[in-house]
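Heads up, the thing below is written out as structure tokens.
Side chains are part of it too, since the values below use all heavy atoms of this structure and drop only hydrogens, waters and symmetry mates. Everything numeric in this text was worked out from a predicted model, so none of it was measured.
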Amino acid sequence: MPTLKNDRLLRALRREAVDVTPVWMMRQAGRYLPEYRETRRKAGNFMNLCQNPELACEVTLQPLDRFPLDAAILFSDILTIPDAMGLGLYFEEGEGPRFQHPVTDEDDITRLMVPDPYTDLRYVTDAVSLISRELNGRVPLIGFSGSPWTLATYMVEGGSSKTFSRIKAMMYNRPDLLHRMLVTLADSVSIYLAAQIESGVQTVMIFDTWGGSLSPSSYREFSLSYMTRIVENLKASKSTVHVPVVLFTKGGGQWLEEMADSGCDALGLDWTTDLSDARSRVGDRVALQGNIDPCVLYASPDQIRQQVAKVLDSFGAGNGHVFNLGHGIHPEVNPDHAAVLIEAVHTLSRPYHQ
């Protein structure tokens, strides 16, 4: 693997000194970019784009060609694992992800098998290898997966949900079934992330998009415990122990201390948690990633700079901060506003690292 020309992200995740705060954006390769929309049109649909390593590489690199970002993130989807389990992932325009064969009973759970990332998900590992080669050490490449709980919500609900009524009914009525499913998913995510690392990613992130829908006790039992299992699996292997792991639970600000106990290297924060509070709570145990409100990018350039300054001031001086949005960038955002944010982070953060 070539020597990294820009290692700010990895240094920040390890709470080492950097010259400026590194910045990348969740969904930085996405519909707000006209070049992405053109590539997606060429692909025909979202799944074709994900499953074509050359096109996935193309869109992964597009934001780096436009902005001085400090990381690339693999272009893929969090639901690749359940799709590889045979659930039949597809996307309806304006409706989000759907599964042709959702998990509805014990027999469905019994049939779930851990996918082989080099056969069932080869398009992902091939994309990672290609992107890593094309980056040639320019910046680190981030790999990712959905958390077991978040994957399970889509698998049982059959798609997105506002109430999570089906999976929560399973959680309360048959917790044994849900635990059986989550064990399979945790093992799948562990193997999948290890394969991404072997193929070339230099850090991984676990997206727990729907962990914040749970009560505190349910979060610990059905979400955090399985993310902890994944972290432990990655830290137990010589081939993956050195790779920083980031946990991100949207709406999970009340559980930061317990999340830090998982053994992860960094915590992603949404915009509902104050960075200074988070830093005082977790100390120097983990790095922090985040956490500006994505809607700030609808504001004027001057206001974007002011909001960036507030986030940087909230974290304060010292090491261990990766600047990011509190969630994914919205499709209607003007790319010029993203450029303002990135430039502001690099310029305004320098005094915090002297």
Electrostatic pair Lys235:Glu232 at N-O distance under 4.0 angstrom: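 Judged by the 4.0 Å cut-off on N to carboxylate O distance, Lys235 and Glu232 do not form a salt bridge.
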salt_bridge(Arg8, Asp19) N-O dist < 4.0 Å: yes
Quick one: salt bridge (Lys or Arg N to Asp or Glu O under 4.0 Å) partners of [X], sequence neighbours excluded?
X: Asp313; result: none
X: Arg98; result: Glu95
X: Asp261; result: Arg285

CA sep, side-chain torsions, deciding dist, call: Phe75, Tyr36, ring pair (Phe, Tyr, Trp, His ring centres under 6.0 Å): CA-CA 11 Å; Phe75 183 82; Tyr36 169 88; 5.7 Å; yes
Under a plain distance cut-off of 3.5 Å, with no hydrogens placed, do [Y] and [X] share a side-chain donor-acceptor pair?
X: Tyr192; Y: Thr80; value: yes
X: Ser129; Y: Ser132; value: no
X: Asp270; Y: Thr272; value: yes
X: Thr273; Y: Asn291; value: no

CD1 on Ile206 to CG on Leu234, rounded to 0.5 Å: 6.5 Å
Who pairs with [X] by side-chain contact (heavy atoms from CB on, under 4.5 Å), at least two apart in sequence or on another chain?
X: Tyr118; result: Asp116, Thr125, Ala195, Glu198, Ser199
X: Ser161; result: Glu157, Thr163, Phe164
X: Arg138; result: Leu64, Asp65, Leu135
X: Lys310; result: Gln307

Arg15 atom CZ, neighbour heavy-atom count above 12 within 6.0 Å: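 Correct, the count exceeds 12.
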Lys162 atom NZ: more than 12 heavy-atom contacts under 6.0 Å: no
Any pair counted as side-chain hydrogen bond (donor to acceptor under 3.5 Å, both in side chains), so long as it reaches residues 143-152, sequence neighbours left out: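 Of all non-adjacent pairs touching residues 143-152, those that pass side-chain hydrogen bond (donor to acceptor under 3.5 Å, both in side chains) are Ser147-Thr150, Ser147-Asp208, Thr150-Asp208.
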side-chain hydrogen bond (donor to acceptor under 3.5 Å, both in side chains) partners of residues 315-337, not counting sequence neighbours, each pair once: Tyr298-Glu332
Residue pairs passing the salt bridge (charged side-chain N to carboxylate O under 4.0 Å, His left out) test where at least one lies in residues 172-182, sequence neighbours excluded: Glu106-Arg174, Glu106-Arg180, Arg174-Asp176
Within residues 26-35 or reaching into it, pairs that qualify as salt bridge (charged side-chain N to carboxylate O under 4.0 Å, His left out) - sequence neighbours excluded: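 Salt bridge (charged side-chain N to carboxylate O under 4.0 Å, His left out) check on residues 26-35 returns Glu35-Arg66.
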Ring centroid separation Phe144 to Phe207 under 6.0 Å: yes
Cation-aromatic face contact Arg279/Phe315, 6.0 Å, 45 degrees: yes
Pairs flagged by ring-ring contact (aromatic ring centres under 6.0 Å, His included) wherever residues 251-271 is involved - sequence neighbours left out: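 Non-adjacent pairs meeting ring-ring contact (aromatic ring centres under 6.0 Å, His included): Tyr219-Trp255.
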